[in-house]
Amino acid sequence: MANKNYFMNGITELLILSILDKHDSYVYEIVKSIADFSGGLLSISQNTIYTATYKLESEGKISEYSMRVGRKRTRVYYRIEPNGKDYLKQILESYKNTTDGVQKVIAVLAQKQGEEKTDE
């Protein structure tokens with residue numbers, strides 16, 4: 001049984017909401033923005049983005065609307081809702097606290113490792 005990566009799911013929601021907080025977007029554009037803005041360090045599949053957008057939509061954090069592009073083609077765009085803006089603030093703070101905490105732990109361990117080497 002594969003382990004579910006809750007950390008990456010949270011990061012995906014954070015990225016989607018951050019992008020939608022700047023402008024309405026469609027799934028392919030979200031995927032491309034994540035890859036481009038991360039300098040290619042993050043690659044999240046369209047399926048993962050669709051799964052996250054369905055979840056966020058069912059929770060009322062985002063909504064969708066269709067827009068015609070070209071003569072026959074329709075594209076589904078997503079927009080952030082007020083509930084999503086509030087949630088984005090919460091997860092941004094949580095993300096910052098988590099990354100700050102991880103950096104502190106790593107710094108303390110690196111310092112202790114350096115002290116051990118000087119004691120030898």
Side-chain angles (χ1 to χ4, degrees):
M1 179 167 79
N3 290 331
K4 191 165 179 77
N5 188 338
Y6 292 107
F7 183 74
M8 196 59 197
N9 287 346
I11 296 294
T12 301
E13 288 183 5
L14 172 65
L15 295 171
I16 291 169
L17 291 171
S18 295
I19 290 167
L20 295 180
D21 194 40
K22 302 301 175 216
H23 60 84
D24 296 357
S25 192
Y26 53 98
V27 168
Y28 177 76
E29 186 177 37
I30 293 170
V31 169
K32 186 156 175 28
S33 294
I34 291 169
D36 291 348
F37 297 158
S38 71
L41 295 174
L42 296 176
S43 176
I44 301 175
S45 74
Q46 286 189 42
N47 287 341
T48 300
I49 299 298
Y50 275 116
T51 301
T53 56
Y54 293 146
K55 178 182 176 287
L56 290 167
E57 186 176 17
S58 72
E59 294 171 348
K61 294 176 176 119
I62 65 173
S63 60
E64 71 173 47
Y65 62 92
S66 297
M67 182 179 287
R68 190 183 281 301
V69 289
R71 286 188 198 168
K72 297 181 181 180
R73 193 166 160 205
T74 301
R75 187 177 283 155
V76 176
Y77 282 83
Y78 294 92
R79 76 167 53 99
I80 192 167
E81 296 296 332
N83 184 21
K85 287 181 182 275
D86 293 340
Y87 181 61
L88 176 58
K89 287 177 190 172
Q90 292 171 10
I91 61 176
L92 273 171
E93 184 175 336
S94 178
Y95 174 78
K96 183 183 179 324
N97 290 340
T98 300
T99 56
D100 288 350
V102 168
Q103 288 177 351
K104 287 180 181 183
V105 169
I106 291 170
V108 167
L109 292 173
Q111 181 181 358
K112 287 183 183 245
Q113 184 180 16
E115 290 170 1
E116 289 172 4
K117 286 185 178 182
T118 57
D119 291 343
E120 292 176 358

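Residues passing the side-chain contact (heavy atoms from CB on, under 4.5 Å) test with D21, sequence neighbours excluded: I80, K85, L88.
Note that the CD1 atom of I91 and the NZ atom of K96 stand 15.5 Å from one another [nearest 0.5 Å]. Rounded to the nearest 0.5 angstrom, E81 CD and D86 CG are separated by 11.5 Å. Between the CD atom of E64 and the CZ atom of R79 there is a distance of 10.5 Å, given to the nearest 0.5 Å. Between the OG atom in S33 and the NE2 atom in H23 there is a gap of 5.5 Å [rounded to 0.5 Å].
The minimum heavy-atom distance linking Q46 with V27 is given by the pair O-CG1, 4.0 Å. In plain terms, the two heavy atoms of A52 and I16 that are nearest each other are CB-CD1, 3.5 Å. Shown here for L17 and G84, the closest heavy-atom pair between the two residues is CD1-O, 4.2 Å. Residues E29 and S25 come closest through the heavy atom pair OE1-OG, 2.7 Å. Closest approach of N83 to E59, counting heavy atoms only: ND2-O, 3.2 Å.
Y50 and I34 fall within a single hydrophobic cluster, where Ile, Leu, Val, Met, Phe, Trp and Tyr side chains are chained together by heavy-atom contacts under 4.5 Å. Under the 4.5 Å side-chain heavy-atom criterion for grouping Ile, Leu, Val, Met, Phe, Trp and Tyr, I30 is not connected to M67 through any hydrophobic cluster. Hydrophobic clustering (ILVMFWY, side-chain heavy atoms < 4.5 Å, transitive): Y54 and I11 are in one cluster. Each of V76 and Y28 belongs to its own hydrophobic cluster when Ile, Leu, Val, Met, Phe, Trp and Tyr are linked at side-chain heavy-atom distances under 4.5 angstrom.
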(request) Please test L56 against L20 for side chain to side chain contact (heavy atoms under 4.5 Å, CB included), starting from the C-alpha separation and ending with a verdict. (result) CA-CA 12 Å; L56 290 167; L20 295 180; over 6 Å; no

(request) Carefully, step by step, assess I44 and V31 under the rule side chain to side chain contact (heavy atoms under 4.5 Å, CB included). (result) CA-CA 6 Å; I44 301 175; V31 169; 5.8 Å; no

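Look at K89 and E93 and you find no salt bridge, because none of the NZ, NE, NH1 or NH2 atoms lies under 4.0 Å from a carboxylate O. Residues K61 and E13 are not paired through a salt bridge, judged by the lack of any N-O separation under 4.0 Å between the basic side chain and the carboxylate.
In this structure a side-chain-to-backbone donor-acceptor pair under 3.5 Å is present from S18 to L14.
Judged as a ring-ring contact (aromatic ring centres under 6.0 Å, His included), the pairs with a partner in residues 57-91 (not counting sequence neighbours) are, in order, Y26-Y77, Y65-Y77.
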